[in-house]
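The structure under discussion appears below in the form of structure tokens.
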Amino acid sequence: IIISTGPQVQEVPEIVGMDKNAAKDLLTKHGFTMFEKKYLISGEPIDTVLRQEPAAGCPIGDGDKTIQVILSRGPLQLPNLLGMKQEDAIAQMTQMGMSLEKVEPIFVGNEAQLDIGKVAQQKFIVYDDNNTPVEYVPGDVLVVSPKVILAVYMLNETPDPAAIENTVPQGAEEINQ
């Protein structure tokens, strides 16, 4: 006769605050695997574990022993996007972990043909604890992701203001404040 004591249960070790490689080694040692869910801008060094799921101390049976982690991307130095094509600026922002709040058009005549579609102004905004916008400039270093507003040169073709006001370019997220 064999008497079962039930499935093997093991507690998840604490890895928050550890370097990614040390965390992976500790999890592997205890029979767990690590899944890197995403990276966030933070004041912690690059590749530091910011969060884990399931949390430390949670019991896990013989099933899926994957621990999902969110890692630090480190602080963010704001780039200068002036003069870049709109799509290149958005791609760079996305790669750096920033999101585009909106694009504001600056309408110009035919004499500015070479600047059409290029970033003319940029605003990097972080909302403080009172939900008050605080603006930063290129070169500033942040530990949170800012919302970005770009002003882009567009050819003046007598646009419909209502159509422009709510336009969100492809690749941008629509933000509701």
Exercise for the section: Consider only side-chain heavy atoms of I, L, V, M, F, W and Y, link residues closer than 4.5 Å, and tell whether V137 and V144 are in one cluster. Expected result: no
Problem - Closest approach of V103 to P105 (non-hydrogen atoms, all atoms of both residues) - result: O-CD, 3.9 Å
Practice task
Locate the shortest heavy-atom distance separating S145 from S99; write the atom from each residue and the value.
Solution key: OG-N, 4.2 Å
Exercise for the section: List the atom of P79, the atom of F124, and the distance in Å for their closest heavy-atom pair. Expected result: O-CZ, 3.3 Å
Problem - For V12 against A55, the heavy-atom pair lying closest together - result: CB-O, 3.6 Å
Practice task
Please check if the side chain of D64 supplies one atom and the backbone of T66 the other of a donor-acceptor pair under 3.5 Å.
Solution key: yes
Handout entry: Sidechain-backbone polar pair: S42 side chain, V143 backbone, donor-acceptor under 3.5 Å
Key = no
Handout entry: Flag side-chain contact, heavy atom, 4.5 Å: L78 against V141
Key = no
Exercise for the section: Check for a donor-acceptor pair, side chain of Q52 on one end and backbone N or O of P13 on the other, with a separation under 3.5 Å. Expected result: yes
Practice task
Run the salt-bridge test on E104 and K102 with the 4.0 Å N-O cut-off and return the result as yes or no.
Solution key: yes
Exercise for the section: May I ask you to check if K118 and Y153 form a cation-pi contact, with NZ or CZ under 6.0 angstrom from the six-membered ring centre and within 45° of the axis? Expected result: no
Exercise for the section: Measure across Q122 and P138 and return the closest heavy-atom pair with its distance rounded to 0.1 Å. Expected result: NE2-CG, 3.0 Å
Exercise for the section: Report yes or no: does Q10 contribute a side-chain atom to a donor-acceptor pair with the main-chain N or O of H30 at less than 3.5 Å? Expected result: yes
Practice task
Answer yes or no: is there a donor N or O on one side and an acceptor on the other, between the side chain of T132 and the main chain of D128, under 3.5 Å?
Solution key: no
Practice task
Tell me, yes or no, whether the heavy-atom count around K123 atom NZ, taken from other residues, nucleotides or ligands under 6.0 Å, exceeds 12.
Solution key: no
Handout entry: Members sharing I70's hydrophobic cluster (side chains within less than 4.5 Å)
Key = L40, L50
Exercise for the section: Begin from the C-alpha positions of S72 and I46 and carry the test side chain to side chain contact (heavy atoms under 4.5 Å, CB included) through to its verdict. Expected result: CA-CA 5 Å; S72 173; I46 294 172; 5.6 Å; no
Exercise for the section: State the CD1-CG distance between I41 and L76, to the nearest 0.5 angstrom. Expected result: 4.5 Å
